[in-house]
Amino acid sequence: MSANVLIVQPDPTVAERMGQLILAATPHANVGFAPGPLDGIAALEQYEDLDLCICEIYFVTGDGLGFLSAVRAKFRRARVLIVTNYNLQNFGDYIQGLTLFPLPLDESLFSSTCQDTLATLEGLEFPPFKLGKKQPPDRWGDCYAAYDTSVKRDVFITVCHSWATPQDASRFRSFAALMARAAHPNVQGVYQAGDYQGRDFFCREKWDMPNLAEMATAGQGIDPRLAAQIIHIVGSVIIFWDSNKYAHTTVGATDVSVSPQGVIKVANCVDPMLPVTSPGESDLTVFAYAVQTLLPPPEQVPLRLRNLLNELRSGRVQMAHVVSEAQAIDIELAPEKEIAVSQEKQIARQAIAVARRKQQYGQYLMFGGFGVVVLVVGYLLHSMFLSDPPSHQYNEMIEIPAGPYVYQNASAVMDHTFYIDKYEVTFGEYLKFLRAVRDAGTDADWRNPAQQGEKDHEPKDWADRIDADGNKIAGIFRCIKYREPYNKVFLSLDDPVFNVDWYDAEAYAKWAGKRLPDEHEWEMAARGPNGFVYPWGNTFSQIANNSAPMPGQGLFDVPVHFYQAVDQTDKDKSPYGVCGMAGNVSEWTDTIVSSSRMESVKVAVIRGANFKTNSAERVMLTHRNTADGVLETRVFWLGFRCVSDHPSAEGK
């Protein structure tokens with residue numbers, strides 16, 4: 001498949017030479033030429049797809065920025081290189097993030113950049129990822145849309161450049177490791193990293209919304225309230241990075257993107273090669289100018305927001321003040337709240353109204369029989385729309401008596417008796433907590449003091465959402481209620497809750513009159529008085545809900561495992577009778593330690609295997625995960641259970 005290249009350059013000698021360099025490195029390329037912006041816009045109509053656009057921005061006659069806007073509007077995935085004979089300092093807000101080549105041209109660098117842009121790994125497999133369409137390169141390497149066959153989701157894969165030196169590859173791996181640790185709900189997440197046939201890569205969240213610079217060149221705008229929300233989120237992310245000592249670049253116009261639904265994401269700007277920034281101040285000058293460019297005329301922007309932007313443009317500012325002020329502006333500009341009526345209830349009300357009209361119309365002819373029909377319809381409507389799916393109560397707790405036990409490889413003594421949930425907390429139990437938070441209007445009574453602001457504590461993907469391509473994706477609750485697949489897996493309210501972070505788990509426990517177990521309590525309850533390595537004994541067996549193979553088996557010999565109802569794991573039972581500690585989902589504990597990846601990062605110890613665990617060693621009850629438990633982490637394989645110091649906690 002040939003790659004399409006368009007060169008828009010007023011100097012025919014420069015244009016011809018660039019075409020020669022491209023064809024010398026990539027003979028299959030289809031190279032087109034245009035002398036100016038208007039001809040370039042006309043040439044765009046000839047392409048169904050465009051891989052690379054090389055253009056000048058400043059023209060004596062014609063609007064180079066207008067051409068750039070046309071390219072971005074039609075071919076968002078095309079890479080743009082600027083080759084110029086001018087000082088483009090005044091165009092900085094519009095070309096931020098683009099690669100700039102001044103004339104005379106550095107032919108070697110230009111040629112290698114074009115070759116790397118046009119080379120493709122499309123269609124290859126980097127197990128478990130299938131690579132799809134090539135995307136514009138990010139600042140770490142070549143980017144591809146991909147599909148993760150292990151968890152059935154769309155992702156982006158960034159691959160280290162083919163020409164990278166060993167030092168470049170080492171730096172790439174350092175970037176990936178730090179980005180994975182710097183997880184935040186409003187930062188594009190990095191899921192995992194690896195290498196395949198000598199090419200390092202990492203997998204990250206698929207997010208393909210326009211950034212502020214692209215919005216500006218496309219002539220898009222934002223309203224003042226959205227501007228305040230953007231400032232608030234960017235400030236919160238910077239505070240999070242700085243407080244955790246994650247070094248990062250300055251956030252600019254290309255690092256903040258907004259979906260049509262107003263979802264805001266910040267690029268993962270952490271950089272292990274930079275010095276750590278002391279918490280407190282930051283320079284958001286470039287970011288502030290980008291936000292201002294998208295706003296309406298000044299007279300239509302509230303004075304308080306204009307003043308905040310003036311502060312940001314003046315240089316380094318106190319981030320706590322910025323976040324507080326932006327949040328206050330957001331609240332001021334919020335419309336009056338109306339009571340939200342769910343789609344299900346609206347349908348139910350409409351159906352009931354229709355039934356009532358029919359009842360009145362025919363009451364003299366068939367009152368008795370129609371009354372039965374109305375009752376049946378009402379029952380069906382209640383069952384379909386207003387009631388929850390069936391679920392069980394799992395309130396049983398197991399007593400774990402004080403006394404000797406085995407912790408890791410040494411004897412220990414538990415100085416108190418405690419009581420632990422027999423089963424992991426289910427979606428059904430967690431749903432009661434969510435409704436308590438909703439009814440209270442705040443989580444103030446249950447949240448941890450270290451939690452940043454209020455939360456609704458909904459699991460990730462709980463509500464319906466819009467994906468990066470604008471498609472509506474059913475959330476977990478809808479999938480459970482209407483028996484629709486979530487990531488191709490059917491769930492029930494009796495399955496263990498997942499996609500909850502440490503703060504969610506702790507708030508639930510406090511609401512339920514309980515607490516999270518520390519890892520000593522968890523291990524004692526799992527191993528029993530004799531210190532078994534597995535809940536059932538000291539020999540591995542495939543009786544728990546995990547994917548670990550028996551000796552002599554390969555990974556692909558193990559049947560595919562998914563979530564199970566918590567009471568279906570009765571064979572995975574500890575000597576005390578606690579179920580599901582070697583599979584289903586791994587579990588949060590209350591033990592906070594330094595991360596094994598980076599000592600300055602604090603994590604909660606995660607204990608227990610899950611349905612995806614594919615190693616008998618990691619199924620062992622002595623295994624401690626001290627790498628992945630950043631407190632804000634919400635992942636598909638991690639849930640929790642609770643403990644209490646009393647035989648009958650005031651549960652809900």
D645/Y419 under side-chain hydrogen bond (donor to acceptor under 3.5 Å, both in side chains): CA gap, chis, key distance, verdict:
CA-CA 6 Å; D645 297 315; Y419 302 81; over 6 Å; no
Please report the C-alpha distance between H248 and D242 in whole Å, then the side-chain angles of each, then the deciding distance to 0.1 Å, and finally whether the side-chain hydrogen bond (donor to acceptor under 3.5 Å, both in side chains) criterion is met.
CA-CA 8 Å; H248 59 87; D242 290 345; 2.8 Å; yes
side-chain contact (heavy atoms from CB on, under 4.5 Å) for F175 and N268? Distances and angles first, verdict last.
CA-CA 10 Å; F175 267 108; N268 208 319; over 6 Å; no
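Contact detail for F427 and P496: the closest heavy-atom pair is CE1-O, 3.4 Å. Closest of all the heavy-atom pairs between P517 and C642 is CD-CA, 4.4 Å. A pairwise comparison of heavy atoms in V270 and A182 identifies CG1-CB, 3.7 Å as the closest pair. Closest of all the heavy-atom pairs between G528 and Y576 is CA-CE1, 3.5 Å.
Side chain of D495 to backbone of A565: a donor-acceptor contact under 3.5 angstrom is found. Judged purely by atom type and a 3.5 angstrom limit, D154 has no side-chain atom pairing as donor or acceptor with the backbone of A145. Checked by atom type and distance alone, the side chain of T417 pairs as donor or acceptor with a backbone atom of A402 at under 3.5 Å. At least one donor-acceptor pair closer than 3.5 Å links the side chain of R527 to the backbone N or O of F532. Of the possible donor and acceptor atoms, one in the side chain of E523 sits under 3.5 Å from a partner among the backbone N and O of Q408.
In this structure, F433 has its ring center under 6.0 Å from that of H457. Centroid-to-centroid, the aromatic rings of F540 and Y534 come within less than 6.0 Å. Ring centers of F490 and F562: at least 6.0 Å apart, outside the cut-off. Between F498 and Y563, a ring centre-to-centre spacing shorter than 6.0 Å is recorded. Under the 6.0 Å cut-off for aromatic ring centres, F640 and Y508 qualify, their centroids lying closer than that.
Under a cutoff of 6.0 Å and an axis angle of 45°, R153 and Y191 form a cation-pi pair.
Of the residues listed (K455, Q451, K510), the one engaging D443 in a side-chain hydrogen bond (donor to acceptor under 3.5 Å, both in side chains) is Q451, and it is the only one.
When side chains are defined from C-beta on, R607 does not count as touching E587, because their heavy atoms never get closer than 4.5 Å. With contacts defined as side-chain heavy-atom distances shorter than 4.5 Å, the pair C579/K422 qualifies.
Residues T633 and W502 bring no donor and acceptor atom of their side chains to less than 3.5 Å of each other.
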